[in-house]
Amino acid sequence: MLAETPVLFFDSGLGGLSVLQPALALMPQMPVVYACDFAGLPYGEKSEAEVGTRVSALLGRLVERVRPRLAVIACNTASTIALGHVRAALDTPFVGTVPAIKPAAMASVSRTIGVLGTNATVRQPYIDQLIADHAGDCRVLRHGAGALVGAAEGKLRGTGVEMDVLQDALLALRAQPDGQQIDAIVLACTHFPLLRPELDDAARAVFGRDMRFFDGGAGIARRIAHLCAGQQWPVDAPDRRLIINGDAGQLGTAWQSFAAWGFASVDRL
Ligand code: DGL
């Protein structure tokens, strides 16, 4: 394993930044290829078959091209649907994104938690299993909040955030039976933590109090660190680049976030 061998991060769009950020905080010398599928965004509105086929094909091409030491599917929708397929098909070790239902259930006093994800994620049997395993004594209220994906992309690309969309998502949780009791909300889409300050404000407006939000970013970072333990990182500035399936012009001001982390180039897949 060469020190320069990168870790591959993959998402439909910019949501993977909420996973990349804690990973770089823990492993600042990590060489990275961040790949996103702007041409396929949003995954949350696609069928399981479409997401599964698309993600498996793209990851196959990316692994072939990048030859990463490890690949991170920094997308709940892609992970809950396709992680099993890609692990079976490819030799590279894969880390997926698991909705943070366990820590939210551990923290909830009212035993009522909310789960916000994409439409595709909230209907996955994988979520039922996580609830059965870790939140069996909780009321778990779900809502497919795909509009938040667009809001997060808009915020990072510099085209603005519609606050109404955030409040609508939280209202849809509160309106369910016992919804007012929710004291912990799982952000089960990697795009949503990118809206954290706006969600804090929207939660105060909708619930009339502070809300606790949970996401998987820090846990995934620890998992990557564990899997890379004992491996070398470069001594000098690590190589970091973006690969985009689709129109790189859609990055807008998001490029500045990548440049600040030492990303030097953007290539097309
Ligand atoms: N970031 C992705 C996730 O975590 C979804 C965004 C999309 O709908 O493409 O689920």
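All ligand and atom numbering here is 1-based and tracks the order in the structure. Sequence positions, counted from 1, serve as the residue numbers for this chain.
- Near Leu41, meaning under 4.0 Å from any of its heavy atoms, are these atoms of ligand 1: 9 (O).
- Between Phe10 and Tyr43, the ring planes lie tilted relative to each other; the angle falls in the 30° to 60° range.
- A cation-pi arrangement, defined by a distance under 6.0 Å to the six-membered ring centre and an angle within 45 degrees of its axis, is present between Arg157 and Phe38.
- Listed here is the closest heavy atom pair of Ala147 and Val165: CB-CG1, 3.3 Å.
- The shortest contact between atom 1 (N) of ligand 1 and any protein heavy atom is with His191 ND1, 2.7 Å.
- Arg241 and Ser265 are not linked by any side-chain donor-acceptor pair at a separation below 3.5 angstrom, with hydrogens and angles left out of the test.
- Numbered from 1 in the order shown, with element, the atoms of ligand 1 that lie under 4.0 Å from a heavy atom of Asp11 read 1 (N), 2 (C).
- A salt bridge is defined here as a Lys NZ or Arg NE, NH1 or NH2 lying under 4.0 Å from an Asp or Glu carboxylate O, and Asp128 with Arg142 meets this definition.
- The proximity of Thr118 to ligand 1, defined as any non-hydrogen pair under 4.0 Å, is limited to the side chain.
- Every atom of ligand 1 with a heavy atom of Pro42 under 4.0 Å away is listed here by number and element: 7 (C), 8 (O), 9 (O).
- Scanning the protein for heavy atoms near atom 7 (C) of ligand 1, the closest one is Tyr43 N, 3.2 Å.
- Between the side chains of Glu48 and Gln124, at least one donor-acceptor pair of N or O atoms lies under 3.5 Å.
- Here the protein heavy atom with the shortest distance to atom 8 (O) of ligand 1 is Gly44 N, 2.8 Å.
- Judged purely by distance below 3.5 Å, without hydrogens or angles, the side chains of Thr121 and Asn76 never pair a donor atom with an acceptor atom.
- Lys155 meets the side chain to side chain contact (heavy atoms under 4.5 Å, CB included) test with Val161, Leu195, Pro197, Glu198; sequence neighbours excluded.
- Remark: minimum distance from atom 10 (O) of ligand 1 to any protein heavy atom is reached at Thr77 OG1, 2.6 Å.
- Close N/O approach between Ser12 and ligand 1 is found [any backbone or side-chain N/O within under 3.5 Å].
- The shortest contact between atom 2 (C) of ligand 1 and any protein heavy atom is with Cys75 SG, 3.1 Å.
- Within ligand 1, counting atoms from 1 as listed, the ones closer than 4.0 Å to a heavy atom of Asn76 are 3 (C), 4 (O), 10 (O).
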